[in-house]
Amino acid sequence: MKIMKAKDYDELSRKAANIIASQVIMKPDCVLGLATGSSPLGTYKELIDWYNRGDLDFSNVKSVNLDEYKGLTRDNDQSYYYFMYNNLFKHINIDMANTNVPDGTEPDSETACSKYNAIIESVGGIDLQLLGIGHNGHIGFNEPADECPKLTHCVDLQASTIEANKRFFASIDDVPKQAYTMGIQTIMQAKKVLLIASGADKAPIMKAAFFGPVTPHVPASILQLHPDCTVVADEAALSQCDL
Ligand code: GLP
């Protein structure tokens with residue numbers, strides 16, 4: 001595992017975007033695993049700049065997103081489909097037919113998850129998976145648990161996750177209680193993993209995830225076992241790590 005320290009959020013966003021850009025340049029028809037949350041916003045802005053400069057072509061790129069809230073429609077401004085469209089896809093030349101997000105409107109979890117697993121398989125797996133990290137160590141929406149679910153599954157969001165994500169909703173009652181998320185095996189099978197983290201509030205979990213034991217109670221800790229995982233984080237997020 002490689003840990004790259006950036007001085008602040010802007011620098012980490014540039015470093016992360018450069019890694020993703022190099023993936024797209026080296027393999028123009030690559031499969032990008034994409035993430036939502038506030039962490040990747042700067043990275044997506046940088047990628048849009050790369051595209052606007054004429055230095056990056058997404059026309060043959062395919063994407064699979066990590067997760068989606070169960071019950072939210074694509075046009076709900078808190079759905080992850082909406083997030084991806086507005087913060088990245090509409091600004092670049094990716095073919096929307098090549099973008100994939102779990103279907104939050106499918107009420108039957110088994111159908112939604114098996115369809116998404118089939119999509120991931122049909123694109124041939126993920127070349128580069130971008131991840132953020134939750135305060136409890138979740139990746140995607142893989143919450144701390146006694147075991148790691150392997151494939152796409154429906155999760156009951158933990159109270160701390162609902163609390164952390166309520167800032168995006170009108171009230172805490174509006175935060176969905178469940179989500180569909182890619183599983184840990186799928187994430188671990190990505191050829192490359194890039195995890196980004198910013199801010200002092202992430203410092204304790206960064207220490208636990210990357211310097212503590214590998215345990216499903218800190219889902220991100222399993223990335224210590226990935227053969228090609230890069231962590232890009234700012235000084236504040238790494239402030240409790242001995243580097
Ligand atoms: C959500 C997403 C995760 C994301 C996490 C952290 O729960 N499902 O994919 O990594 O939030 O978000 P942020 O980057 O806003 O701290």
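For ligands, and for the atoms within them, numbers begin at 1 and follow the listed sequence.
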Give every pair formed by an N or O atom of ligand 1 and a protein N or O atom closer than 3.5 Å, one pair per line with both atom names and the distance to 0.1 Å, or write none.
from	atom 1	to	atom 2	distance (Å)
ligand 1	7 (O)	H138	NE2	2.9
ligand 1	7 (O)	N165	ND2	3.4
ligand 1	8 (N)	D67	OD2	2.8
ligand 1	8 (N)	G140	O	3.3
ligand 1	10 (O)	I133	N	3.4
ligand 1	14 (O)	S38	N	3.3
ligand 1	14 (O)	S39	N	2.9
ligand 1	14 (O)	S39	OG	2.5
ligand 1	15 (O)	S38	N	2.8
ligand 1	15 (O)	S38	OG	2.6
ligand 1	15 (O)	R167	NH2	3.0
ligand 1	16 (O)	K202	NZ	2.6

Show me the donor-acceptor pairs, under 3.5 Å and distance only, between side chains in residues 43-51 and residues at least two apart or in other chains.
from	atom 1	to	atom 2	distance (Å)
Y44	OH	A35	N	3.1
Y44	OH	A35	O	2.6
W50	NE1	N18	OD1	3.3

Pairs meeting criterion side chain to side chain donor-acceptor pair (under 3.5 Å) with involvement of residues 192-206, two or more places apart | H135-D201, K192-D228, S198-D234
Give me the one residue out of D67, N117, T181 that meets side chain to side chain donor-acceptor pair (under 3.5 Å) with T152.
->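 The residue from D67, N117, T181 that satisfies side chain to side chain donor-acceptor pair (under 3.5 Å) with T152 turns out to be N117.
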Has Q185 got more than 12 heavy atoms of other residues, nucleotides or ligands less than 6.0 Å from its CD?
-> yes
Under the side-chain contact (heavy atoms from CB on, under 4.5 Å) test, residues paired with D29 that sit two or more places apart =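 side-chain contact (heavy atoms from CB on, under 4.5 Å) list for D29, sorted by chain: K27, N60.
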With a 3.5 Å cut-off and no angle check, do the side chains of N93 and D57 form a donor-acceptor pair?
->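 Short answer, yes.
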